[in-house]
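Note that ligands are numbered from 1 as they come in the structure, with each ligand's atoms numbered from 1 the same way. As the structure is a computational prediction, the values presented were derived from the model and not from experiment.
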Amino acid sequence: MSGTPAPPDIIRAAYAELTVTDLAAARWFYVDVLGLVVTAEEPGALYLRAFEEYLHHSLVLRAGESPALVRLGYRVRAPEQVAVAETYFRALGARTERVAAGATRGIGEAVRVEDPLGFTVEFFYGATHVDRFTQAYHLHGANAIARIDHFNVLVPDVRAATAYYRDLGFGVSEKIEDDEEHLYAAWLYRKPTVHDIALTGGDGPRLHHVAFAANERHQILHTCDVLGSLRAEQHIERGPGRHGVSNAFYLYLRDPDGHRIEIYTSDYYTGDPDNPTVRWDVHDNRRRSFWGHEVVPSWYSEGSTVLDLNGRPRPLTAPTEQREASVTIGADGFGEVASDGGPGTGFKLGHQS
Ligand SMILES: O=C1C=CC(S(=O)(=O)O)=CC1(O)O
Ligand SMILES: [Ca+2]
Ligand SMILES: [Fe+2]
């Protein structure tokens, strides 16, 4: 649009800040079980990173009265892009707040905004550099996590949210639609992988999950074994399995407060300018799981409360159009019932029709 200031040059999804009601329990989950590295620890906060990361943190856990997403953090390409972000969001009429270096420990000067979707988002460049443990194999557990990968958020209007992120310069790698072109979900990227942000239709604004990437499938499977050994397998919500969308191997966990965390590996490169958008039909049972068990209803319905810049919970808006879960609960690669007399004929797992 003419006259609209240029959007900030966003590099990637960089960190999330969550409030947790029991910091010790959260420390057990994220550090003892998942193996994230403690960069810094305060009486009421933990600053964590994954093994390939050299910025101060990719996850902040802050003690609070109730579980919530405080903010999502995107890194921009240069210090001057913070002011570009501030100008852009002010032109959108969004509430903005410039914060000095150290407002979040380890993060430089930044601008925090209440974006048009109702999320509190921070744009920063400066951050304290800390040790990168890529080859510190003696410190990695067998379930080592490499880096943060993406955010997934619940929004009532996926099409409007997609347009907002495309205006911010994100490409669309994949989407789920129906014949009437109703958009149920979309995946958008700035870094050359499948996504930095995924938009899931539902009551929003809510956080659906924060995802971390592992380098190998066996590392994800080891987390499942660790949880089993600790008799904590109830923290596994969905998976392990292979996604249709993104092609990634995945596992979804719920932390002690119910925040959803995905561990994900082996998606694909999207860095060429003509990277094609993959379209899935909402009735394709393999869209959410190329193979894997049915999607548990909680995966579609539950998410984390989002706070505004004053720390107040955001009220939710319901979708005006039909929900994916009402159309079909797919993600049931085992749900395809063969009818050719070959293997799997008549044999079906899951409850989907
Ligand atoms: O990261 C993702 C990639 C794919 C999927 S889906 O369940 O395959 O749609 C979900 C997801 O957004 O968490
Ligand atoms: Ca591999
Ligand atoms: Fe995800």
Pair Arg27-Glu41, salt bridge (charged side-chain N to carboxylate O under 4.0 Å, His left out): steps then yes or no: CA-CA 10 Å; Arg27 193 185 201 287; Glu41 195 158 13; 2.6 Å; yes
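Looking only at its N/O/S atoms, Glu262 has OE1 as the one nearest to the Fe ion (ligand 3).
Ligand 1 has no N or O atom lying under 3.5 Å from any N or O atom of Trp299, backbone or side chain. Considering backbone and side-chain N/O atoms, Ser289 never comes within less than 3.5 Å of an N/O atom of ligand 1. The shortest N or O to N or O distance between Ser246 and ligand 1 is not below 3.5 Å. Ligand 1 has an N or O atom lying under 3.5 Å from an N or O atom of His195, backbone or side chain.
Contacts between Tyr250 and ligand 1, counted as non-hydrogen atom pairs separated by less than 4.0 Å, are absent for every part of the residue. In Val245, the parts holding a heavy atom less than 4.0 Å from any atom of ligand 1 are both the side chain and the backbone. Of the heavy atoms in Arg238, only side-chain atoms (C-beta onward) come closer than 4.0 Å to ligand 1.
Side-chain atoms of Asp131 and Tyr54 form no donor-acceptor pair, as typed in the model, at a separation below 3.5 Å. A donor-acceptor contact under 3.5 angstrom links the side chains of Ser58 and Glu53, judged on distance only. In this model, a donor atom of one side chain and an acceptor atom of the other lie less than 3.5 Å apart for His150 and Glu262.
Thr277 contributes a side-chain N or O that, together with a main-chain N or O of Val172, makes up a donor-acceptor pair within less than 3.5 Å.
Residue His209: an N/O/S atom is found under 2.8 Å from the Fe ion (ligand 3).
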